[in-house]
Amino acid sequence: MLNGRKVLLVIGGGIAAYKCLDLIRRLAERGATVTPVLTRAATEFVTPLSVAALAGEKVYTDLFDLTDEAEMGHIQLSRAADLLVVAPATADLLAKMATGQANDLATTLLLATDKPVLVAPAMNVRMWEHPATQRNIATLKADGVRFVGPNDGNMACGEFGPGRMSEPLEIVSAITAALADGPLNRKHVLVTSGPTHEPIDPVRYIANRSSGAQGTAIAEALAALGASVTFITGPADAERPKGVSVIEVQTAQQMLEATQNALPADAAIFAAAVADWRVANAVNSKIKKDGSGNMPSFDFAENPDVLRTVSQMAEGRPQLVVGFAAETDDVLSNATAKRERKGCDWIVANDVSPETGIMGGSENSVTLISDAGQETWERMSKVDVARKLATKIAEALA
Ligand code: CTP
């Protein structure tokens, strides 16, 4: 699958560096050649000897190794690979990359390369969420750097949240996607997917029947055409797509925030079934029956409309914005009006009446509405709808 592909792996100085040993093994199993570069800090976490043994290649650790400069200059080293991967990408490395620093071998290679770069961040949750890191990430995304992870979870520092480095197989999928030659190479596409959960109290929420299957298939189809995909999903049943950067959210408000943080993008596809309302008087402790027969009553507040917000951005709007219209009645006229109201370029209309079996099922029957008119596709699997849509998106961005 990765036969003959050359990966230059920059290992950063973080506890997650140990996962790179497995990553190298997995890449080698798939036929890739891995040239490892360790930052000085990385050598505190993994030894050059173990990295060299697994990679079966020379390990580079220092810019000022004159023998290596004679053997292979750093410029040449940065360009001999098909892809540069940074794992773990620490907050420090991301900051250096975002500001174009080149004060050691790793950062010099990253600045000198003309090849795509994929980073797998790993850091403490506060460091990840810090505005400085988020600014650096936005800069790197705008520069075309691809991201895989980080995941949510327990961290070595004892905290919980986003910041855990993706697992080796997730990074392998992202590498495979990054190396996929396709019309969407170097394009960043954002996809929202799944339902949102709007809390009532800590144990109850309002949700809908979206499985996330269509959004997941779209993300995978876009990645297969070479796109760098940011996939923002509510709590969906569908397995997460491979080879994309996944951001998990619960509520519509979080989905809007994650979407705004993930921009800029060349295209944005809004396949999520976002809850239109949230409970305005949600509470932090479980609502109890009080025995009097009185029912709780809820006030609702309207959720932000993610699609409309992005469609109507005055600055930095993606070139192509695609919405979905899940309707049960007057599908095409409702969807046409929705496209106008929201201001998106295309709308994919589908009938989600229970008898169609579409919501939660594996097939879809859609009509694509754009300036060019309406195009009804025969009923097909959600995977095929995704492939057809991804091809059209690639044509539109060409
Ligand atoms: N959408 C969104 N944010 C919302 C609601 C909807 O981004 N708060 C997006 C969906 O992802 C989809 C499109 O808007 O791409 C239409 O969603 P849909 O639920 O069909 O429409 P609504 O906006 O809810 O409109 P209506 O209530 O008229 O059906």
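Whatever order the structure lists ligands and atoms in, that order sets their numbers, starting from 1.
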Within 6.0 Å of CG in Asp290, more than 12 heavy atoms from elsewhere: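 Yes.
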
Arg126 CZ: over 12 foreign heavy atoms closer than 6.0 Å: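 Open: at most 12 neighbouring heavy atoms sit under 6.0 Å from CZ of Arg126.
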
Among all protein non-hydrogen atoms, which one is nearest to [atom], and what is the separation to 0.1 Å?
atom                    : value
atom 7 (O) of ligand 1  : Leu307 N, 2.8 Å
atom 14 (O) of ligand 1 : Lys342 NZ, 3.1 Å
atom 19 (O) of ligand 1 : Lys338 NZ, 4.5 Å
atom 12 (C) of ligand 1 : Phe324 O, 3.0 Å
atom 15 (O) of ligand 1 : Phe270 O, 2.6 Å
atom 11 (O) of ligand 1 : Ala272 O, 2.6 Å
atom 3 (N) of ligand 1  : Val306 N, 3.0 Å

task: Check ligand 1 against Ala325 and write out every atom of the ligand that is under 4.0 Å from a heavy-atom position of the residue.
output: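 It comes down to these atoms of ligand 1: 20 (O).
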
- prompt: With atoms numbered from 1 as shown, which atoms in ligand 1 lie under 4.0 angstrom from a non-hydrogen atom of Gly323?
  reply: 15 (O)

Does at least one non-hydrogen atom of [X] fall below 4.0 angstrom from an atom of ligand 1?
X      : value
Pro304 : yes
Arg341 : yes
Ala252 : no
Ala273 : no

query: Rounded to the nearest 0.5 Å, how far apart are OG of Ser173 and CD of Glu167?
result: 12.0 Å

- prompt: Once you round to the nearest 0.5 Å, how far does CD of Glu239 lie from OG of Ser211?
  reply: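 Here the rounded value is 12.5 Å.
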
Exercise: identify the closest heavy-atom pair between Gly212 and Ala236: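 Closest approach of Gly212 to Ala236: CA-CB, 4.0 Å.
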
query: Just one of Asn350, Asp351, Thr356 clears the side-chain hydrogen bond (donor to acceptor under 3.5 Å, both in side chains) bar with Ser353, so which one?
result: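 One option only clears the test, and that one is Asp351.
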
Under 4.0 Å from ligand 1, counting heavy atoms only, is it the side chain of [X], its backbone, both or neither?
X      : answer
Met255 : neither
Arg308 : neither
Asp276 : side chain

Please determine, by modelled atom types, if [X] and [Y] share a side-chain donor-acceptor pair under 3.5 angstrom.
X      : Y      : result
Thr99  : Gln101 : yes
Thr376 : Gln374 : no
Arg164 : Asn151 : no

message: Side-chain heavy atoms nearer than 4.5 Å, only ILVMFWY residues, links allowed to pass through others: does that put Leu27 and Leu38 together?
response: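 Linked, Leu27 and Leu38 end up in one cluster.
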
task: Please confirm whether Ala271 comes within less than 3.5 Å of ligand 1 when only nitrogen or oxygen atoms on both sides are compared.
output: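 Not met; the criterion fails.
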
- prompt: Is Glu170 salt-bridged to Arg240, going by a charged N under 4.0 Å from an acidic O?
  reply: no

